[in-house]
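For reference, the structure discussed in these notes is given below.
None of the values given here were measured: they were computed from a predicted structure. If you read the sequence from its start, that first residue is 1, and numbering goes on from there.
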Amino acid sequence: MSEKNHATVAVTGVTGALGSRIAARLAGQRVPQLLVGRDPGRLPELPGAERRGPAAYGDASAMRTALEGASTLILVSGHRTGHRLEEHATAVEAAMAVGVNRVLYVSLVGAAPTATYLNARDQWLTERFLAGAGIRHTVLRAGFYTSTPAALADEEFVVSGPATTGRAAFVTHEDIAAVIAAVALDEGPHSQHDGAILEITGPQALTLDEAVTRIAAATGRPYRYEPETLEEAFSRRWRRGMSGEQIETWISWYQAIERGEISMVTDVVPRLTGSPATPISDAAWWPAPKTARGVR
């Protein structure tokens with residue numbers, strides 16, 4: 001039996017933890033890819049993949065050149081810049097201009113115009129843009145990463161933040177990548193996922209204390225969680241030299257958990273991948289402490 005010929009998929013964010021896993025999964029399925037980035041030298045070498053760039057989301061000309069030949073664009077959200085909607089819109093419009101006919105957009109669970117987590121507000125704006133852009137698309141809302149509490153820990157493995165009883169269904173990068181790859185492989189002129197919003201979560205909603213306790217058990221390191229008041233959260237981060245924007249963003253991350261906005265548990269991972277969502281105890285990768293963006 002001959003192998004299926006897959007259409008070319010363009011993947012952004014491939015130098016990051018999520019984009020790299022998406023690209024690796026597609027390469028394992030022999031999907032031809034265009035790996036798009038601002039620094040092509042940092043992009044991985046994968047079978048059947050072509051490295052394209054330099055191309056930033058906000059550079060329409062560079063994005064058109066980088067996306068030429070793709071039929072699907074997997075758009076992994078960029079970092080918060082104050083212009084994220086404009087940058088994402090430019091990237092999508094560039095894709096449409098060169099014949100891309102489908103966008104898979106990686107958003108956030110809890111995306112809403114009044115979301116507590118500030119990044120989730122930006123994601124909602126891009127979702128609304130896509131809804132009116134006139135292109136086939138699927139929104140893939142990723143839950144908070146299983147690895148993030150470990151990356152937020154200080155040099156003594158202490159995770160501190162303004163949340164106590166709120167819960168989040170933390171999800172691994174691997175599970176998110178598996179879902180996105182499954183949707184990308186649902187090819188053809190129509191897909192059951194066209195126009196859908198898929199909420200990708202872990203198997204259980206946990207408090208931060210419960211999550212960090214499980215991380216400690218999984219890694220053999222003395223991680224522990226210490227709740228803070230909002231005032232303590234601000235003061236400690238300010239003393240560490242974090243910017244006002246970083247302080248605001250990370251406090252909003254904890255508060256989104258505290259308010260239950262990330263607590264939903266869905267069946268998206270098992271339904272689309274055929275495997276159960278990965279519990280914290282079985283996560284395959286843990287970052288070092290103090291490696292979350294903006295916490296050094």
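Taking the side chain as every heavy atom from C-beta outward, R237 and E228 approach each other to under 4.5 Å. Contact annotation: the side chain of H88 never approaches that of F129 to less than 4.5 Å [non-hydrogen atoms, C-beta and beyond]. Using a 4.5 Å cut-off on side-chain heavy atoms (C-beta onward), R51 and E45 make contact. H137 places none of its side-chain heavy atoms less than 4.5 Å from the side chain of H193.
Side chains of T207 and R167: no donor on one and acceptor on the other come within 3.5 Å. Between Q29 and H6, the side chains place no donor N or O within less than 3.5 Å of an acceptor N or O (distance only, hydrogens not considered). For the 3.5 Å distance criterion, the side chains of T72 and R102 qualify, holding a donor opposite an acceptor. Checking N101 against S71 by side-chain atom types alone, no donor-acceptor pair falls below 3.5 Å.
Note that NE2 of H83 is 11.5 Å distant from OG1 of T90, once rounded to the nearest 0.5 Å. Atom OH of Y105 and atom OG1 of T138 lie 14.0 Å apart (nearest 0.5 Å).
Between E226 and R224 a salt bridge is recorded (basic side-chain N to carboxylate O distance below 4.0 Å). Between R141 and E127 there is a salt bridge, with a side-chain nitrogen of the basic residue lying less than 4.0 Å from a carboxylate oxygen of the acidic one.
Using the six-membered ring where Trp is involved, W253 and W250 have ring planes that are perpendicular, over 60° apart on the 30 and 60° scheme.
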CA sep, side-chain torsions, deciding dist, call: I200, V109, side-chain contact (heavy atoms from CB on, under 4.5 Å): CA-CA 7 Å; I200 310 172; V109 166; 5.8 Å; no

Stepwise salt bridge (charged side-chain N to carboxylate O under 4.0 Å, His left out) check, D122 with R80: CA-CA 8 Å; D122 289 352; R80 192 170 179 229; 3.7 Å; yes

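Hydrophobic cluster membership of V265, counting Ile, Leu, Val, Met, Phe, Trp and Tyr whose side-chain heavy atoms lie under 4.5 Å apart directly or via other members: none, as it forms a cluster of its own.
The stretch residues 265-280 participates, sequence neighbours left out, in these salt bridge (charged side-chain N to carboxylate O under 4.0 Å, His left out) pairs: D267-R271.
Every side chain to side chain contact (heavy atoms under 4.5 Å, CB included) that S275 has, sequence neighbours left out, goes to T273.
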